[in-house]
Amino acid sequence: MSIPKTSPLADFDLSNRTIAYFSMEIALSPQIPTYSGGLGMLAGDTLRSAADTSAPMIAISLVYRRGYFRQQLNDVGQQTEADVPWSPEDLPSAGPTVTLVLQDRQVQLRAWRYDVTGTTGHIVPVFLLDSDIEGNDPWDRKLTDHLYGGDTYYRLCQEAILGLGGIALLQALRVRPEVYHMNEGHASLLTLGLLEEHLGSRPLSEATDADREAIRRQCVFTTHTPVPAGHDQFGVDQMNQVLGPNRGAAIEAAGGLHNGLLNMTYLALCLSRYVNGVAMQHGKVSQYMFPEYKVHSITNGVHAATWMSPAFQELFDSEIPDWRTDNRYFRSIYGIDPARISACHVKSKQRLFAWLARRTGHYFNPSVLTLGFARRVATYKRAGLLLQDPERLCSLAEKIGGLQILYAGKAHPADNAAKALIRDVFAAAVKLNSEFLKIYYIENYDWELGALLTQGVDVWVNTPRRPYEASGTSGMKAALNGVPSLSILDGWWIEGHAENTTGWAIENGETEETEANNLYNKLEKVIAPFWANPNAWARLQQHCIGINGTFFNTQRMLGQYFSNAYFPSGPSRFQQERLADSEEEFGLSETAFVPVNKA
Ligand SMILES: *Cc1c(COP(=O)(O)O)cnc(C)c1O
């Protein structure tokens, strides 16, 4: 595995880094397995846009020497997992070693530096903490091996490494940021590290409201999911065991316990001056879940140069070359002949099908309408909705002259319900594949496959159960490649959807059957006729980029973080935004929203 060489540490100055970005996972390169899915992709895309715009950022994560996992699927779709070992030794080590006390053990940590380099050469350094050091307890040496592996004890140790170890590393590097951004609650323990640093020689037990306020002024928190299981919780005994009773008491005093458990989301909420959800509706849902805290919204994006197909990059490099430093130039796609846009997509579709034929021996027809559905397999994402009524699907495929459906996605190794969903798609494919309908589940959804699929299919499908999709970003990748979405109105699609212009909504229904029926109707009566009209389809592709590519990118998103969260101007800059009562109306009543924390 070859990893790009980076420059030695000595040749740049970190003292001007004002924003520290902490994330449990960051997708840095297709060759480095330090991510599992959307959260890590978002973190990586954020840093890539930060590098492009010369943002004074620095980032902290863990090294994961054995990665998340490579997915293997046998011929009935049974998933097995394999480690993805890689060697950070190819990266420069960051030098200083820091010590963290976990339970009663001293754990030495070092960090490997990966440089994210922007279009103009600006570097955002990412420090990947590593506990695999000689002298550490053999068990501790494996603490930075697996992303989302192990039990809650392992996980809490990892979160301590990220939050407390990360703050210690910044101190050792003599970096003193003004803003600490917690990308999801996994990073919440950094607040405790900051509090310890702030107190100096005073013990944690003496921390006052004023001390905590000093921490709050520096912290920004982004929450990422309305699914309860997505919010980390740990037993109080385990908290005291791993972190020690003093830190446990400090967490309790700060408000980090909820329903008698250490709740990483509440810890972050209590000690942040700015909190946001990742799409407009997700902000509202989160506000409903956490009524005592003000929750804003900053809608996610994707890094354009990472996700746009080579064909489109070539077109834009010749027509609007400044898109690389300023994504707003995508708006001028309206000056480009739609036929040229279609031609780029044809190339991406052929590229995807050639890759598939090489990899799997399966041949797909480039002239047939092709749907893509790829995401982390979780029950609320409802991979099976498209297959709900097999007879209807078959007859519809025949009526519209053929249909191809490509699936991909990993189930978490411990999620047996999700694994069963993959087998269901396999079984459906065996039963339904015919002259007119071809369904295929592609193994090992990862960065490379995610790019090929979002660039190469004709319609990107998303069928979450509302309101559980916080944002979703794969549809944004598709839009950037002129690929319209067919999706439930949830997450980002509420903002990105313009019917018959950027794609189509699957109308809400009372039952799964109704929603599946709405999906089939849309496919048969609206999308197929569109597909039969290449000029209309080309205009659609143009709108996807002109309307949605222009907005749903991490460059716009990061700009909003800068102006609204990191460095807002005016009196609100360091204001603590804690609401006394929840008097606000959040406009959720018209949705079928069930408060998920009580469900
Ligand atoms: C973009 C991406 C995701 C996140 O997309 P969602 O729309 O949130 O599902 C997950 N995994 C991979 C490999 C991706 O490229």
Side-chain angles (χ1 to χ4, degrees), residues 23-46 48-49 67-71 84 147-148 183-184 222 224-227 230 277-279 281-282 299-309 352 371-383 406-412 418 421 441-457 459-465 467-481 483-488 490-497 503 548 552-554 557:
S23 184
M24 198 66 164
E25 51 170 309
I26 306 181
L28 293 168
S29 121
Q31 282 79 43
I32 300 185
T34 52
Y35 68 95
S36 82
L39 184 74
M41 282 299 179
L42 179 81
D45 281 1
T46 300
R48 285 182 275 279
S49 282
Y68 183 52
F69 69 88
R70 155 168 282 281
Q71 177 196 51
V84 194
L147 173 60
Y148 306 140
N183 187 44
E184 187 55 340
T222 302
H224 283 267
T225 178
V227 178
V278 291
Q281 179 189 249
H282 177 238
T299 304
N300 281 344
V302 295
H303 183 253
T306 297
W307 298 106
M308 193 171 255
S309 70
L352 166 66
L371 312 182
F373 183 102
R375 45 196 37 88
R376 186 167 56 82
V377 187
T379 40
Y380 81 89
K381 303 229 183 199
R382 300 194 295 187
L406 291 172
Y407 275 97
K410 293 176 180 175
H412 186 278
L421 292 177
Y441 203 110
I442 312 166
E443 192 175 73
N444 201 41
Y445 182 44
D446 65 358
W447 182 328
E448 183 192 14
L449 179 54
L452 283 165
L453 279 171
T454 52
Q455 293 162 7
V457 301
V459 178
W460 193 251
V461 179
N462 194 15
T463 54
R465 186 174 290 128
Y468 293 105
E469 183 81 315
S471 167
T473 52
S474 54
M476 301 175 183
K477 298 168 192 167
L480 201 57
N481 285 285
V483 172
S485 280
L486 167 61
S487 170
I488 297 281
D490 198 13
W492 84 283
W493 190 234
I494 297 172
E495 297 158 61
H497 161 253
N548 283 345
F552 295 100
N553 56 70
T554 35
M557 180 199 82

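In this text, all values refer to a predicted model and were calculated from it rather than measured experimentally. In listed order, ligands and their atoms are each counted from 1.
One side chain, Trp460 or Ser474, offers a donor N or O that lies under 3.5 Å from an acceptor on the other.
Asp45 is linked by a salt bridge (Lys or Arg N to Asp or Glu O under 4.0 Å) to Arg48, counting only residues two or more places apart in sequence or in another chain.
At a heavy-atom cutoff of 4.0 Å, ligand 1 is surrounded by Gly37, Gly38, Met41, Trp307, Arg375, Lys381, Tyr445, Asp446, Trp447, Gly472, Thr473, Ser474, Lys477.
One finds the CD atom of Gln71 at 5.5 Å from the OH atom of Tyr441 (value rounded to the nearest 0.5 Å). Note that the CD atom of Glu25 and the CG atom of Leu147 stand 5.0 Å from one another [nearest 0.5 Å].
Between Trp492 and Phe552, the angle of the ring planes goes over 60°, which puts this pair in the perpendicular group of the 30/60° scheme.
Within 6.0 Å of atom CZ in Arg465, more than 12 heavy atoms from other residues, nucleotides or ligands are found, so the atom counts as buried in its surroundings.
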